[in-house]
Engineer: 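Just dropping this structure here.
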Amino acid sequence: MRQHDRLFIGGEWVTPAGTSTVDVISPHTEEVVGRVPEGTAEDMNRAVAAAREAFDHGPWPRMTFAERAEVITRLAAIYNERQSEMAQLITEEMGSPITFSNLAQAPQPLGMLQYYAELGRTFVQEEQRPGVFGPITVRREPVGVVAAVVPWNVPQFVTMTKVAPALLAGCTIVLKPAPETPLDAYLLAEWAAEAGLPAGVLNIVVAGREVGEHLISHPGVDKVAFTGSTAAGRRIGSICGEQLKRVSLELGGKSAAIVLDDADLASSMGFLSLASLMNNGQACVAQTRILASRSRYDEVVEAVAGMVKAQAVGDPADPATGIGPLVARRQQERVEGYIKLGMEEGAKVVVGGLDRPYDRGWYVSPTVFAGVSNDMRIAREEIFGPVLAVIPYEDEADAVRIANDSDYGLAGTVWTADPERGMDVARRVRTGTYGVNCFMLETNAPFGGYKASGIGRELGPEGLNGYLEYKSISRLG
């Protein structure tokens, strides 16, 4: 068992203020695989104070972008050498299939470090513009102390969407990992210290919701960067609004995959399986509404059902596994509650249902619903599990209408034999990230949502902008 008894604050491993601990439980075996201290409000105060001291008086914000990029490059090199260790750890603590951990859970955070390190080598802190009475200097400065609050589903990916650009900007950070998945953050802390990150630049305290809200509300925090549920995002947004505190929110999704009537179903299903079922369906960008034309509806339902049946369900450490367990018993019960609700709403279970595939572990049966209308709750609410709803549409305009008829706007895809036709659809769907015959997140392109899917953008140069303040300096003579 991985046992930790300290917190990472001010560049040191320090004794926590309290005695409570958090057990990390394997979703596959339901056995304890790790234990870490549970941070208190006092611990958060210490972490914010360390970050504040590092920002107000330390070297990090006063280094050039290129100098900070060199430190990030060292961290990326360590990450690169040990990314398989990170992938295995995330699979152990939250049940992500090892193939997905090796594909995304570890490599994508590494890619973000490498991207922002490269961006920092050429990033211009000050630029000159002509003014009416004289030259104008536009200067970019770090926003300050950042509270980064991250979820359990892709813990390192979401951590790095915040930590990598914040580091490059010159910010200092208090990272609050989710209690379900703290072990990867401890590994990151070791690597950050090894890379030579100055004391107090990155501080890590594992805590629950109440202590997390204390961090968000702390007057020493200048910006909050949050990924999680829309309900929690609304609460965080209200706190930051009252304090006029900078905030970015990457929230939920209910993304639509539009299968146009000219799509080749065999090839489409091969890519759609990852887009809709990645990480056991525990992904905010998952394409869980499958939109099919009435003329091919039965054919698409059959293809989606075949795609889901082909997924091996089992031990996430087995490379043959396509779908593993959900992160916690409460998540298992939540997803099963939605499956039951779909049945009660009149949708037809084509694959899966309420029979659990295993007696041990927090597994649910991957489920496909047919006969779904877009006003059903299983089509409107984020389930966060391997549950897909196939919804019929009349024509292309109706498909776009249904895709847009959602409180969310985080992601989406269109599947077609005509990529230009797909691009036309992509331009009409109000969502932040879109794919034509594919779905991927690029480190050099902005990621974020419309509507209830959030505020602000991460990744790309736009992700760096969220951690910068812009200062205009005019002068005469």
Engineer: Any side-chain heavy atom of Leu459 sitting closer than 4.5 Å to one from Glu442?
Structural biologist: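 The answer is no; the side chains never approach within 4.5 Å.
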
Engineer: For Leu75 and Leu197, what are the C-alpha separation, side-chain angles and deciding distance, and is it a side chain to side chain contact (heavy atoms under 4.5 Å, CB included)?
Structural biologist: CA-CA 8 Å; Leu75 176 56; Leu197 203 65; 5.9 Å; no

Engineer: Taking the basic N atoms (NZ, or NE/NH1/NH2) and the acidic carboxylate oxygens, is any pair closer than 4.0 Å for Glu12 and Arg6?
Structural biologist: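 Looking at Arg6 together with Glu12, the answer is no, because their closest N to O distance does not fall below 4.0 Å.
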
Engineer: For a salt bridge (charged side-chain N to carboxylate O under 4.0 Å, His left out) with Asp222, tell me which candidate from Arg52, Arg246, Lys245 qualifies.
Structural biologist: Arg52

Engineer: Checking side-chain polar atoms at under 3.5 Å, does Thr181 have a donor or acceptor matched by the opposite partner on Glu93?
Structural biologist: no

Engineer: For the residue pair Ile90 and Pro155, establish whether any side-chain heavy-atom pair is separated by less than 4.5 Å.
Structural biologist: yes

Engineer: Using a 6.0 Å distance limit plus a 45 degree cone around the ring axis, check whether Lys451 lies over the aromatic ring of Tyr408.
Structural biologist: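 The answer is no, since Lys451 fails at least one limit relative to Tyr408.
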
Engineer: Report yes or no: does Ser255 contribute a side-chain atom to a donor-acceptor pair with the main-chain N or O of Gln287 at less than 3.5 Å?
Structural biologist: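 Flag not set: sc Ser255 to bb Gln287 has no pair under 3.5 Å.
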
Engineer: Identify the heavy atoms of Leu464 and Pro165 that sit nearest to each other, and give their distance.
Structural biologist: CD1-O, 3.4 Å

Engineer: Is it true that Gln156 and Tyr79 share a donor-acceptor pair across their side chains at a distance under 3.5 Å?
Structural biologist: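 Judged by distance alone, the side chains do pair up.
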
Engineer: Would you say the side-chain atoms of Thr431 pair up with the backbone N or O of Leu410, donor to acceptor, closer than 3.5 Å?
Structural biologist: yes

Engineer: Hey, does Val304 have a side-chain heavy atom less than 4.5 Å from the side chain of Leu388?
Structural biologist: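 The answer is yes; the side chains approach within 4.5 Å.
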
Engineer: Please determine, by modelled atom types, if Asn102 and Thr99 share a side-chain donor-acceptor pair under 3.5 angstrom.
Structural biologist: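 Result is no, nothing qualifies.
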
Engineer: Any salt bridge linking Arg356 with Glu336? Criterion: basic side-chain nitrogen under 4.0 Å from a carboxylate oxygen.
Structural biologist: yes

Engineer: Looking only at heavy atoms, what is the nearest atom pair of Ala17 and Asp43, with distance?
Structural biologist: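 Where Ala17 meets Asp43 most closely, the heavy atoms are N-OD1, 2.9 Å.
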
Engineer: Apply side chain to side chain contact (heavy atoms under 4.5 Å, CB included) to Val285 and Phe447, showing your working.
Structural biologist: CA-CA 10 Å; Val285 296; Phe447 168 62; 3.7 Å; yes

Engineer: Side chains of Ser96 and Gln105: is there a donor and an acceptor less than 3.5 Å apart?
Structural biologist: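 Looking only at side-chain atoms, Gln105 and Ser96 do form a donor-acceptor pair, the distance falling under 3.5 Å.
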
Engineer: Under 3.5 Å, is there a donor on one side chain and an acceptor on the other for Lys254 and Ser453?
Structural biologist: no

Engineer: Is it true that Glu30 and Arg329 make a salt bridge, defined as a side-chain N closer than 4.0 Å to a carboxylate O?
Structural biologist: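 Salt bridge: yes.
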
Engineer: To check you understand the geometry: which heavy-atom pair defines the closest contact between Gln311 and Ser273, and what is its length?
Structural biologist: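 Here Gln311 and Ser273 meet closest at NE2-CB, 3.9 Å.
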
Engineer: For Ile455, does the CD1 atom have more than 12 heavy-atom neighbours from other residues, nucleotides or ligands under 6.0 Å away?
Structural biologist: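 It does not: Ile455 CD1 has 12 such atoms or fewer within range.
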
Engineer: Using the salt bridge (charged side-chain N to carboxylate O under 4.0 Å, His left out) rule, take Glu70 and Arg121 through it: C-alpha gap first, then chi angles, then the decisive distance, then the call.
Structural biologist: CA-CA 8 Å; Glu70 288 306 310; Arg121 293 188 180 97; 3.6 Å; yes

Engineer: Is the backbone of Gly10 close enough, under 3.5 Å, to the side chain of Asn203 for a donor and an acceptor to pair up by distance?
Structural biologist: yes

Engineer: Is it true that Arg330 and Glu180 have a side-chain N and a carboxylate O under 4.0 angstrom from each other?
Structural biologist: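 Between Glu180 and Arg330 there is a salt bridge, with a charged N closer than 4.0 Å to a carboxylate O.
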
Engineer: To check you understand the geometry: which heavy-atom pair defines the closest contact between Pro446 and Thr433, and what is its length?
Structural biologist: O-OG1, 4.3 Å

Engineer: When the ring planes of Trp13 and Phe8 are compared, do they come out parallel, tilted or perpendicular, using 30° and 60° as the limits?
Structural biologist: tilted

Engineer: Specify the closest pair of heavy atoms between Phe226 and Ala232, including all atoms of both residues, with the distance to one decimal.
Structural biologist: CZ-CB, 3.6 Å

Engineer: Which heavy atom in Pro366 sits nearest to a heavy atom in Val308, and how many Å separate them?
Structural biologist: CB-CG1, 3.6 Å

Engineer: For the ring pair Phe65 and Trp60, is the centre-to-centre distance below 6.0 Å?
Structural biologist: no

Engineer: What's the spacing between Ile378 CD1 and Thr288 OG1 if we round to 0.5 Å?
Structural biologist: 10.0 Å

Engineer: Relative to each other, are the rings of His28 and Tyr363 parallel, tilted or perpendicular (30° and 60° limits)?
Structural biologist: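 The rings of His28 and Tyr363 stand perpendicular, inter-plane angle above 60°.
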
Engineer: Does Arg430 CZ have over 12 foreign heavy atoms under 6.0 Å away?
Structural biologist: no

Engineer: More than 12 heavy atoms of other residues, nucleotides or ligands under 6.0 Å from CD of Glu210: yes or no?
Structural biologist: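 For Glu210, atom CD is not crowded (no more than 12 foreign heavy atoms under 6.0 Å).
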
